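Down below is the structure, laid out as structure tokens.
If you're wondering where the values come from, they're calculated on a predicted model, not measured in any experiment.
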Amino acid sequence: MYAWEAIQKSIEYIEDHDDQVLSVEDLAKIAHLSPYYYQRLFYRLVHKRVGEYLKLRRLAKAADQLKKSQDTILKVALDHGFLDHGHFTKAFKAVYKVTPNEYRKSNLHLDHFLKPDLFLNYTMIEENVPLIVEDMVLTIRKDRVEQEIKLIGKRKKASIQELGEPKINALFELWETDQQNNPQSVGIDVLTLTSDPAYFDYFVGFEADGQLTGEEQRIPKGEYIVCSYEAEDFEQLVNVYLYKASQYLYDTWLKEKGIETDPILIQKYFNPYTTNCFIELWAKIKEDANGSLG
């Protein structure tokens, strides 16, 4: 068994038993490792300490239950391994900056720390060959934008450091409003770096058709690596697989292929809010000084 497989086995166990008391010793036994090596490997692969990961996954699942059920906050707390109402509320507010009760009554969208699929970190797929990961089908291809594309929409600035971390998502409302107002359109996000390296520019819009008004964004012409992925559930597609697909594209696939990209990521949403939805991530291949592909 590879080291990542051992850690993944314990991760799956955590998902199914988050209501129970889970010790490092218990999880290490499941992974067939000593507690010392288990903790070292876990941090190296997941980038969180075991105790912190347990707390974040419990909070993520508890937040989902808060929105989807009428269960009391105490029941939600106990269902996910928290000692009592107070312990749960303190942990929830420390991570998300709101209390469980405030969140339940709000329209806030929370980003959670997701359960990792370590399999993706050690899997290379060939172009145009679909890969199935849990309930996601992922495909990578090359494509080309022949002419610059003009978009009209809205934008905000967001922190790079917060990407992938649990928080209130201040960008989601911007995206959701435009998508629901234009359900038949292909929604497009564009992420670019700002003059401050700690922040990126997040733009949401549609191709300009003469009827739209708002801020402008340009998709530059050139060759792109396109990562397309689909799932039956739109909520999971946006809230879970979007991050996992982009992480795989940048942290695994492009690095392994030795392909350098420009600091721009384009996300296209097709058939949003339907069972036929899918998303494409477009990463622009960097050109050298002579204009040829690098």
Side-chain angles (χ1 to χ4, degrees), residues 2-67 73-74 76-104 108-122 134 158-170 198 236 239-244 246-248 250-252:
Y2 291 107
W4 68 264
E5 291 179 298
I7 299 301
Q8 187 71 49
K9 186 176 181 181
S10 71
I11 287 171
E12 301 300 337
Y13 187 87
I14 289 170
E15 288 296 300
D16 295 334
H17 300 84
D18 71 303
D19 61 327
Q20 301 176 12
V21 176
L22 299 174
S23 68
V24 169
E25 289 73 20
D26 293 335
L27 296 171
K29 287 180 181 178
I30 291 167
H32 303 291
L33 294 167
S34 71
Y36 173 76
Y37 281 113
Y38 175 75
Q39 291 179 88
R40 289 190 63 183
L41 281 171
F42 192 97
Y43 184 77
R44 185 187 304 174
L45 296 174
V46 181
H47 309 298
K48 295 289 181 186
R49 304 292 180 191
V50 177
E52 178 72 1
Y53 177 82
L54 273 168
K55 180 184 72 175
L56 293 178
R57 287 305 301 150
R58 283 170 166 156
L59 287 173
K61 297 176 78 172
D64 187 58
Q65 187 174 341
L66 282 169
K67 284 292 189 179
I73 291 177
L74 176 60
V76 172
L78 297 177
D79 283 351
H80 298 285
F82 292 94
L83 298 176
D84 52 42
H85 186 297
H87 180 221
F88 172 53
T89 298
K90 183 178 179 180
F92 196 97
K93 188 170 184 179
V95 171
Y96 298 118
K97 313 308 179 189
V98 294
T99 67
N101 191 48
E102 289 169 340
Y103 171 61
R104 169 172 266 174
L108 292 173
H109 179 82
L110 300 182
D111 286 344
H112 304 299
F113 191 83
L114 303 175
K115 178 180 77 71
D117 294 310
L118 300 179
F119 166 75
L120 279 174
N121 297 345
Y122 301 93
E134 292 189 348
S159 169
I160 290 177
Q161 188 175 8
E162 292 182 347
L163 286 173
E165 292 298 318
K167 61 184 179 300
I168 294 174
N169 188 328
Q236 288 288 96
N239 295 335
V240 177
Y241 297 127
L242 173 60
Y243 177 74
K244 289 188 178 183
S246 59
Q247 186 178 47
Y248 174 73
Y250 279 92
D251 294 347
T252 300

**OP:** Quick one: do L45 and Q8 satisfy side-chain contact (heavy atoms from CB on, under 4.5 Å)? Show the steps, please.
**Re:** CA-CA 10 Å; L45 296 174; Q8 187 71 49; over 6 Å; no
**OP:** Walk me through it: do Y96 and H112 pass the test ring pair (Phe, Tyr, Trp, His ring centres under 6.0 Å)?
**Re:** CA-CA 9 Å; Y96 298 118; H112 304 299; 5.5 Å; yes
Original post:
Passes side-chain contact (heavy atoms from CB on, under 4.5 Å), Y43 versus V50? Steps please.
Top reply: CA-CA 7 Å; Y43 184 77; V50 177; over 6 Å; no
**OP:** List the steps and the verdict of side-chain contact (heavy atoms from CB on, under 4.5 Å) for D26 and H17.
**Re:** CA-CA 12 Å; D26 293 335; H17 300 84; over 6 Å; no
Original post:
Could you walk me through whether D64 and K61 pass the side-chain contact (heavy atoms from CB on, under 4.5 Å) check?
Top reply: CA-CA 5 Å; D64 187 58; K61 297 176 78 172; 5.6 Å; no
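Residues Y243 and L114 share a closest heavy-atom pair of CD2-CD1, 3.8 Å. E25 and P35 make their closest contact through CG-CG, 4.2 Å (heavy atoms, listed as atom of the first residue, atom of the second, distance). Here the closest non-hydrogen pair linking Y103 and A63 is CE2-O, 3.5 Å. Nearest heavy atoms, P116 versus I11: CG-CD1, 3.6 Å.
Side-chain N or O atoms of T89 include none that pairs as donor or acceptor with a backbone N or O of G86 at under 3.5 Å. Between the side chain of K48 and the backbone N or O of L54 there is no donor-acceptor pair closer than 3.5 Å. Of the possible donor and acceptor atoms, one in the side chain of R57 sits under 3.5 Å from a partner among the backbone N and O of F113. E165 contributes no side-chain N or O that, together with a main-chain N or O of D111, makes up a donor-acceptor pair within less than 3.5 Å.
Here the CG atom belonging to L78 is positioned 10.0 Å from the CG atom belonging to D19, to the nearest 0.5 angstrom. Atom CD of Q65 sits about 8.0 Å away from atom CZ of R104, to the nearest 0.5 Å. Rounded to the nearest 0.5 angstrom, L118 CG and K9 NZ are separated by 14.5 Å. Annotation: the span from F88 atom CZ to H80 atom NE2 amounts to 7.5 Å, rounded to 0.5 Å. Note: Y13 OH to D18 CG = 11.5 Å, rounded to the nearest 0.5 Å. How far CD1 of I7 is from OH of Y2: 16.0 Å, rounded to the nearest 0.5 Å.
For Q161, the CD atom counts as loosely surrounded, since its 6.0 Å shell holds 12 or fewer non-hydrogen atoms of other residues, nucleotides or ligands. Heavy atoms of other residues, nucleotides or ligands lying less than 6.0 angstrom from NZ of K29 number 12 at most.
Here Y53 and F42 bring their ring centres to under 6.0 angstrom of each other.
Note on E52 versus K55: salt bridge recorded, some NZ/NE/NH1/NH2 to OD/OE distance being below 4.0 Å.
Each of V76, I73, L66, N101 was checked for a side-chain contact (heavy atoms from CB on, under 4.5 Å) with F92, and the lone residue meeting it is L66.
For the pair L108/E102, no side-chain contact is recorded, criterion being any heavy-atom separation below 4.5 Å from C-beta on. Between L120 and T252, every side-chain heavy-atom pair lies at or beyond the 4.5 Å cut-off.
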